[in-house]
Amino acid sequence: MKIAVIGTGYVGLVSGVCFAECGHSVICVDNNKQKVNKLKEGIIPIFEPGLDSLVIENARSGRLIFTTEIPEAVKASEVIFIAVGTPPLPTGEADLSYIENVARQVAYAMDSYKVIVEKSTVPVKTGEWVKRTIRFNNRDGVEFDVASNPEFLREGSAIGDFLKPDRIVVGVESERAATLLRACYQPIIDQSVSFDLVKQEVIHQAPQGDVTPFLVTNVSSSELIKHASNSFLALKISYINAVANFCELAGADVKQVARGMGLDSRIGDKFLSAGVGYGGSCFPKDVSAFLEISRELGYDFKLLDDVIRINKVQRELFIRKIKKAMWIVKDKTFAVLGLSFKPNTDDMREAPSIDIINALLEEGAQVKAYDPVAMDVSRMFFQDRITYCADPYSTADGADALILITEWDEFLTMDLQRIYTSLNYPIFIDGRNCFEPMKMADIGFDYHCIGR
Ligand code: UDX
Ligand code: UDX
């Protein structure tokens, strides 16, 4: 298959390289010249485990090329995935101007039948607008289909999520589009290209039959599946965070409660980790966008208001927890471990660390911080208002308390005794429930966590 992917961010780049790994010819397009030049030189602009080598190998094989030119990519491809950003507007609605702009440019360039696929997360009904935009701007009346194919890629495990997904969803209006999209994904459907989750490497093997569910729906349902899935996952997190707050009042342990709930197969044990709340480029914006579009269509989805509210309050409660542990925050030095919104990514979008650190700085505290990969990106948010350190120990050295915000593996295995002796006061405030309270108390820590 000949595929174009427009937008080479976290989603577009992973999708493009994985399609190339499946044996397709892929052209990745981005309007950011600097990014494209770097990619051509084999420099990957984001941190995503396993991505570097896959990009380099596929570019070397000639299956993956990068360009800034939409017309060149459109003319050469049968299927065009749009993966440009859909950031939130101040109103909570998704900003669809990049999608519209790309749809217009695709329309100008189309010279034969194409399937134009929404890969970016968009509100229901966007497909209809994309179709209209392309129809009005392609004066030659070239045949085309608009389809929806939402991504379910978690940053940090995006390659595994792409090559070994729980399901592939496509929303189409014609058999022809469904057949072409199925062909794009065939190696993943039959798992001839797969991902070894233990070894964390791509594997090529004989086709296993139809292993991955390939769900074909109409375009609106497919668009909705994305918003409904992400909002449900966000709801699960807000729910367990609310339960955690209740546990603190009731003297229960949220980890035990979550385990007991999760063993019920109807509930499941995933996304039941209480903490400082969800961040990232998807959940916050998708829940808001889902709420806005439902209001626009005439349904007040109030439940989602509460999901958002609980997530916001969760950060405020954590800041209050820090103040309670310290009594006075002013002039204290805090060691902060973890800046990215979750482990295994350098993404700081909507990261809880931003609100938490800003609150400490506003109170007149000093912050020393360490993150295994997000420190460069973090400088854009904090400039030189915080001090960056080389590892957890130098961060803790001489600090008055330690705050853990992101549960990187490196922190789970650090030498706690050494951290204890490095700190001025043995105060450890854990926003991700990484350690056992009894064990921490045995070491001598004044240990604070969530819902336990
Ligand atoms: C984006 C969307 O925000 C998300 O809703 C969707 O589910 C997937 O795509 P992400 O890949 O994380 O997510 O965004 P980002 O890393 O910002 O990448 C977008 C890329 O598109 C950037 O490289 C940007 O330069 C490029 N872009 C943007 C274009 O090529 N053309 C444009 O007109 C706008
Ligand atoms: C999400 C979706 O999971 C993925 O399918 C795709 O649609 C993109 O958006 P991502 O944002 O990369 O992926 O990360 P995810 O693992 O879903 O975590 C999102 C946030 O929720 C993180 O801040 C994480 O720390 C938080 N989280 C997750 C919790 O607080 N508790 C949990 O139990 C799980």
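All values below were derived from every heavy atom in this structure, side-chain atoms included, with hydrogens, water molecules and symmetry-related copies excluded. Since we're looking at a predicted model, the values are computed, not measured. In listed order, ligands and their atoms are each counted from 1.
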* **Residue-ligand contact Lys226/ligand 2, heavy atom below 4.0 Å** => yes

* To do: May I ask you to check whether Lys285 has an N/O atom sitting below 3.5 Å from an N/O atom of ligand 1?
  => yes

* **Thr406, portion touching ligand 2 at heavy-atom distance under 4.0 Å** => neither

* Is the shortest N/O to N/O distance between Gly280 and ligand 2 below 3.5 Å? -> no

* To do: Using distance alone, determine whether Lys35 and ligand 1 share an N or O pair under 3.5 Å.
  => yes

* Asked: Applying a strict 4.0 Å limit to heavy atoms, is Glu151 in contact with ligand 2?
  -> yes

* Ignoring hydrogens and angles, tell me if any N or O in the side chain of Gln191 forms a donor-acceptor pair with the backbone of Ile188 under 3.5 Å. => yes

* Structure fact -> Taking every heavy atom of Leu153 against every heavy atom of Ala158, the minimum-distance pair comes out as CD2-O, 3.6 Å

* Asked: Can you find a non-hydrogen atom of Asp30 under 4.0 Å from ligand 1?
  -> yes

* Plane angle bin for Tyr185 and Phe214 - parallel if under 30°, tilted between 30 and 60°, otherwise perpendicular -> tilted

* Asked: Does ligand 2 have an atom that lies less than 4.0 angstrom from a heavy atom of Gly279?
  -> yes

* To do: Assess whether atom CG of Asp166 is packed by more than 12 heavy atoms of other residues, nucleotides or ligands within 6.0 Å.
  => no

* To do: Report yes or no: does Arg432 have a heavy atom closer than 4.0 Å to ligand 2?
  => yes

